[in-house]
Amino acid sequence: MGVLAYNYKRKNLSFVRGKGSYLISSSGEKYLDFVQGIAVNSFGHSNKKLNEAILKQSKKLWHVSNAFKIPEGEKLAKKLVKRTFADSIIFQNSGAEATEAAIKVARRYFYSIGKPNKTRIICIKNSFHGRTLAAIYASGSKKMTEGFGPKIPGFDHFEFGNHKKLKSLVNKNTAAIMVETIMGEGGIKVIPSWCVKYLRDLCTKKKILLILDEVQCGIARTGKFFAFEYAKVKPDIVPIAKGIGGGFPIGAVLMTNKVAKAMTPGTHGSTFGGNPLAMAVGNAVMDQIDNNLLKKINSNSTYFLRNLELLKKKYPKIIKNIRGKGLLIGIQLWDDQTKFIKKLMENKLLTIRAAENVIRILPPLNVKKKEIDLAIEIIGRVCQKY
Ligand SMILES: *Cc1c(COP(=O)(O)O)cnc(C)c1O
């Protein structure tokens, strides 16, 4: 046993510092980092504005209890409310906590309107909502739940795209449908806009809640602030995390007034959630997300995807498919992707795996075109020698 448990299969590589899209390893080598902590470092490493924000706040006040008002949190909540469907927000520290809070809010809403039996949540099989007990059973993955019984009840599952099954699962005890708008760990599987609309309509018709997990695909990652904006729908509850902290652990659950009203004093809480230090960073992330950035994400995405499609055409026996939206990109190989990811790493490009033989590519949102060029060049080089 190591001093760190073996719950991660770590690569034999560590880093001493980073700047923007690049990381410097402990042996002094420079890597193009298109993992960015798994869609976490929205503005790359060592972003000047984030550095300034955390330094400034660290000299004033790190942490106070949620028993007191936290103006930095109110400021960030106002910005999120202004930009999104949400009326009200609870801050957390991670994605799993945010999805758990989303489940709690959905159940508490029905409890508060006198329908305490409406507790069941419908999810996609083999999705990903985090690693807490409820979240692994919500994800419906055998691998993630194995050995962690007893099973947490209350979740029903349908296979991605199986609308018939989905419809059959909705019953009088259903509280909500909870899906990732784009399945990240699941292999960058995009739910088409017409399906997201269908989910909204179904939830409205059945008087249940729509929870869209945007922990990975939210916060401008897809070229819109939320991925569901492409479908022009309004969900009821949205957990976020990853990108909103720019590298600092922040999670949140965004809600409409209708459901937020159920979260009366004492119903939920978190010691660290929304503390001044975290909120200062979150504010500095939000301040850097404007229409110019979204435009740039979209043009860079189009450019990146077009070039990846060209590589797919050139190497049809290696690359099966190009997936994704914005800067949430997947290269699906015909075979297991492990060796390919290793080769990319040897060529100083960092990427990360997802299900279905997919190589996930997650550049910072402010990635430069020449960095995309470099990535394309490296991927092409690896294909050529593969
Ligand atoms: C990463 C992720 C989570 C869990 O976030 P943690 O911060 O690791 O707890 C939940 N949902 C989705 C869609 C994610 O990608």
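Counting convention: from 1, in listed order, for ligands and their atoms alike.
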*What salt bridge (charged side-chain N to carboxylate O under 4.0 Å, His left out) pairs are there with at least one residue in residues 235-248, not counting sequence neighbours?*
Arg200-Asp236

*Is it true that atom CZ of Phe148 has more than 12 heavy atoms of other residues, nucleotides or ligands lying nearer than 6.0 Å?*
no

*Would you please write out the protein residues whose heavy atoms approach any atom of ligand 1 to under 4.0 angstrom, listed by chain and number?*
Ser94, Gly95, Ala96, Phe128, His129, Gly130, Glu180, Asp213, Val215, Gln216, Lys242

*Got a donor-acceptor contact below 3.5 angstrom from the Glu97 side chain to the Gly251 backbone?*
no

*Could you walk me through whether Arg323 and Glu356 pass salt bridge (charged side-chain N to carboxylate O under 4.0 Å, His left out), step by step?*
CA-CA 11 Å; Arg323 293 170 164 186; Glu356 302 186 351; 2.9 Å; yes

_side chain to side chain contact (heavy atoms under 4.5 Å, CB included) partners of Ser58, counting only residues at least two apart_ = Leu55, Trp62, Leu277

*Pairs satisfying salt bridge (charged side-chain N to carboxylate O under 4.0 Å, His left out), at least one member in residues 327-348, at least two apart*: Glu29-Lys348, Asp336-Arg353, Lys342-Glu346, Lys343-Glu346

